[in-house]
**Q** 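To start, I am sharing the structure in question, which I have written as structure tokens.
Note on naming: letters A, B, ... go to the chains in the order of the sequence lines (proteins, then strands), and numbering restarts at 1 for each one.
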Amino acid sequence: MSTISSESTEAETTTALSLYDEYAWREMVYHVTPETAEALATEKVTAYIGFDPTAASLHVGSLLPIMALARLQRFGHTPIALVGGGTGLIGDPSGKSKERPLLTREKMEENLAGIEGQLRRFLDFETAANPARMVNNLEWLGSISLLDFLRDVGKYFTVNYMLSKESVKRRIESEDGISYTEFTYMLLQAYDYLVLHDRYGCTLQMGGSDQWGNILAGADLIRRMRSEKAHGLVFPLVTNAAGTKFGKTESGTVWLDPGLTSPYRFYQFWLNTDDRDVVRYLKFFTWLTRPEIEELAAVTEAAPERREAQRRLAREVTRMVHGEAELARAEQASEVLFGGAMDALSPADILDIFEDVPSAELSRARFEGEGIGVIDLLVESGATASKGEARRLVRSGGAYVNNRRVADERARITLEDTIEGKAVVVRKGRKNYRLVLIR
RNA sequence: GGACAGGUACCGAAGUGGCCAACCGGGCUGGACUGUAAAUCCAGUGGCAUUCGCCUUCGGAGGUUCGAAUCCUCCCCUGUCCA
């Protein structure tokens, strides 16, 4: 999989700006502690972001913090990706309206492994100057004794302070309340920051806007225990113009793992970005420079129907996450799936392109002689739930076989209509495909 | 425990003995338009059947009737009020 390394040289030539200015221009700064900008402009900073092992893969929502770390590294600072092996066992109440079920240790181990693998693609762990680092807070949280923790960390926080945090306050006011376990979460995260500060000189923690309270708690802890400055910066919530949750589609979460979200779907997710969001997403999720993005913004303004910004966004992000080869496949598939003609395609191409489309198998005998009726084909491929629905579909002109509309509900599909006797592509409407394999 | 109100298709909501597979709105699915957009417009939206039509559905179970989502009995559930 591709990493950022191939492109990092050209970005360095444009680093007259400080990282903070870069973040600011990219609209990545939602809240920030005083003096952070100055620190980023005058020092080499070590910064960390935590990733929760709630699933075995990161999703596109995590791309903003990931890019923040990657950008930070390109500006010569040192990124630390922290995976929450310890805190993951507790559960972060931030942004959650009710208590979460605890993950089992086994499940969490599994999740950690997946997430670590993904993070490695975005950060450079080999460079001599400022290599990235990956840490797991289970390492220190797993072994600290409760008494030590209460004496060393707990003593620095008043309950009053903790109760005043938004994440806690909201839950206190809710009916279900908050467990002592989750209430403690903030202190654990504060302690993480302290540990990273002591071990690696980490002086900046970043995160999503829901992490603001936790981050401040950590900065406060460092200030009180070590009398040193620690900074915090949080990103805005990534929103979309449609008002739905970013990173979700009808078919669910858009994951970075190609096994969970195919590169084709991943590509399509970005390509379908609303005009109103696309410039912001280019800033958030790509390495394109300011002039490039401004150019794309102008094109979007003048000729939105060309969707150049969306195309570029989809290309850049898909390449970054899945690599050049997968990008090419995703583009080819998009062309066929939305372009029409598929006559020239070989069965191998078809299988490739329709890889993540639901498929069904029918015996060769069904296509021999008279062939199979369209209605039956629609039902048996799973395109429609009943024959009645299939009939209505054909009557309304929404049924296609191999991308050709079938207007007659009595039409029959024979071997001659199939793709070299190997497959048939059934389509319902504009983009609802089913692949029928012939055996 | 008592008094009302109510349970209709994915959701909301009409219907209060035959014209009800069930008005209407939303959602969803097609189509037109388009930029794989938004908005708009059109159609469809229980199953089977090429047609006639048949079958299953209105909280559940029985019953009355030629005929019920609609009437009766019992039961279950929900909301509001009283204890």
**Q** Could you encode protein contacts along nucleotides 28-35 of chain B as a string, one character per nucleotide from 5' to 3', using B for base contact, S for sugar-phosphate-only contact and - for no contact, with a heavy-atom cut-off of under 4.0 Å?
**A** -SSSS--B
**Q** Whole angstrom is fine here: how far is it from CZ in Arg412(A) over to P in rU50(B)?
**A**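 In whole Å, rU50(B) P and Arg412(A) CZ are 11 Å from each other.
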**Q** Whole Å only: how far is the CG atom of Asn272(A) from the P atom of rU36(B)?
**A** 10 Å
**Q** Give me each pair satisfying side-chain hydrogen bond (donor to acceptor under 3.5 Å, both in side chains) with a member in residues 230-243 of chain A, each pair once, sequence neighbours excluded.
**A**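 Listed once each, the pairs are Thr239(A)-Arg280(A), Asn240(A)-Thr244(A).
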**Q** Going by purine N1 to pyrimidine N3 plus the second Watson-Crick contact, or the G-U wobble pair, all under 3.5 Å, which nucleotide sits opposite rC41(B)?
**A** rG31(B)
**Q** Taking the inter-plane angle between the rings of Tyr281(A) and Trp270(A) on a 0 to 90° scale, is it parallel (under 30°), tilted (30 to 60°) or perpendicular (over 60°)?
**A** perpendicular
**Q** Using the P atoms only, state how far rA9(B) lies from rC58(B), rounded to an integer number of Å.
**A**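 Per the computed distance, 9 Å lies between those P atoms.
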**Q** Taking the C1' atom in each of rC74(B) and rG79(B), what is the distance between them to the nearest angstrom?
**A**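 22 Å, rounded to whole Å.
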**Q** Looking at every strand, decide which applies to Glu409(A) at a 4.0 Å heavy-atom threshold: base, sugar-phosphate, or nothing.
**A**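 Since no nucleic acid heavy atom lies under 4.0 Å of Glu409(A), the category is nothing.
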**Q** Pairs of donor and acceptor atoms involving the side chains of residues 290-300 of chain A, under 3.5 Å and at least two apart or interchain, shall be tabulated with distances.
**A**
{"residue": "Arg290(A)", "atom": "NE", "partner": "Glu294(A)", "partner atom": "OE2", "Å": "3.0"}
{"residue": "Glu292(A)", "atom": "OE1", "partner": "Thr289(A)", "partner atom": "N", "Å": "2.8"}
{"residue": "Glu292(A)", "atom": "OE1", "partner": "Thr289(A)", "partner atom": "OG1", "Å": "3.0"}
{"residue": "Thr300(A)", "atom": "OG1", "partner": "Leu296(A)", "partner atom": "O", "Å": "2.9"}

**Q** Rounded to the Å, how far apart are Lys387(A) NZ and rU50(B) C1'?
**A** 12 Å
**Q** Holding to salt bridge (charged side-chain N to carboxylate O under 4.0 Å, His left out), I want the full list of residues that pass it with Asp52(A), two or more places apart in sequence or in another chain.
**A** Arg100(A)
**Q** Counting Watson-Crick and G-U wobble pairs only, both distances under 3.5 Å, name the nucleotide matched with rA68(B), or none.
**A** none
**Q** Determine the interatomic distance between C1' on rA3(B) and the same-named atom on rU8(B); round to the nearest Å.
**A** 26 Å
**Q** Any strand counts, and the cut-off is 3.5 Å on both contacts for Watson-Crick or G-U wobble. Which nucleotide pairs with rC4(B)?
**A**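 The answer is rG79(B), by the H-bond criterion.
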**Q** Just how far, in rounded Å, is P of rU45(B) from CZ of Arg391(A)?
**A**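 To the nearest whole Å, that distance equals 14 Å.
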**Q** For rG46(B), does OP1 or OP2 lie under 4.0 Å from any side-chain N or O of Ser386(A)?
**A**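 Indeed not, no polar side-chain atom of Ser386(A) lies that close.
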**Q** For rC54(B), which nucleotide is its Watson-Crick or G-U wobble mate, given both distances must be under 3.5 Å?
**A**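 Its partner is rG47(B) (Watson-Crick or G-U wobble, both distances under 3.5 Å).
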**Q** Distance between the P atoms of rC19(B) and rA69(B), in whole angstroms?
**A** 10 Å
**Q** Hey, could you give me the CD/CG distance between Glu116(A) and Asn111(A), rounded to the nearest 0.5 Å?
**A**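 These two atoms lie 11.0 Å from each other.
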**Q** When rounded to the nearest Å, what value does the distance between C1' atoms of rC75(B) and rG7(B) take?
**A**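 Roughly 14 Å separates the two C1' atoms.
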**Q** Looking only at atom C1', what distance separates rU56(B) and rG47(B), rounded to whole Å?
**A**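 Taking atom C1' in both rU56(B) and rG47(B), they lie 7 Å apart.
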**Q** Take atom C1' in rG15(B) and the same atom in rA22(B), then report the distance between them in whole Å.
**A**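 One C1' to the other, the span is 8 Å.
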**Q** Establish, yes or no, whether a centroid distance under 6.0 Å links the rings of Phe284(A) and Phe235(A).
**A** no
**Q** Restricting to salt bridge (charged side-chain N to carboxylate O under 4.0 Å, His left out), what partner residues turn up for Glu166(A), sequence neighbours left out?
**A**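 Testing Glu166(A) for salt bridge (charged side-chain N to carboxylate O under 4.0 Å, His left out), a comparison that skips the adjacent residues, returns none.
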**Q** What pairs meet the salt bridge (Lys or Arg N to Asp or Glu O under 4.0 Å) rule with one or both residues in residues 385-398 of chain A, with sequence neighbours excluded?
**A** Asp376(A)-Lys387(A), Glu389(A)-Lys428(A), Arg391(A)-Glu409(A), Arg395(A)-Glu409(A)
**Q** Can you check the distance between rG44(B) and rC23(B), where both ends of the measurement are the P atom (answer in whole Å)?
**A** 12 Å
**Q** Could you give the CG-to-C1' distance, from Asp376(A) to rU50(B), as a whole number of Å?
**A**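 Answer to the nearest Å: 13 Å.
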**Q** Can you tell me the pairing partner of rA14(B) across any strand shown, Watson-Crick or G-U wobble, with both distances under 3.5 angstrom?
**A**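 Matched rA14(B) with nothing under the 3.5 Å cut-off.
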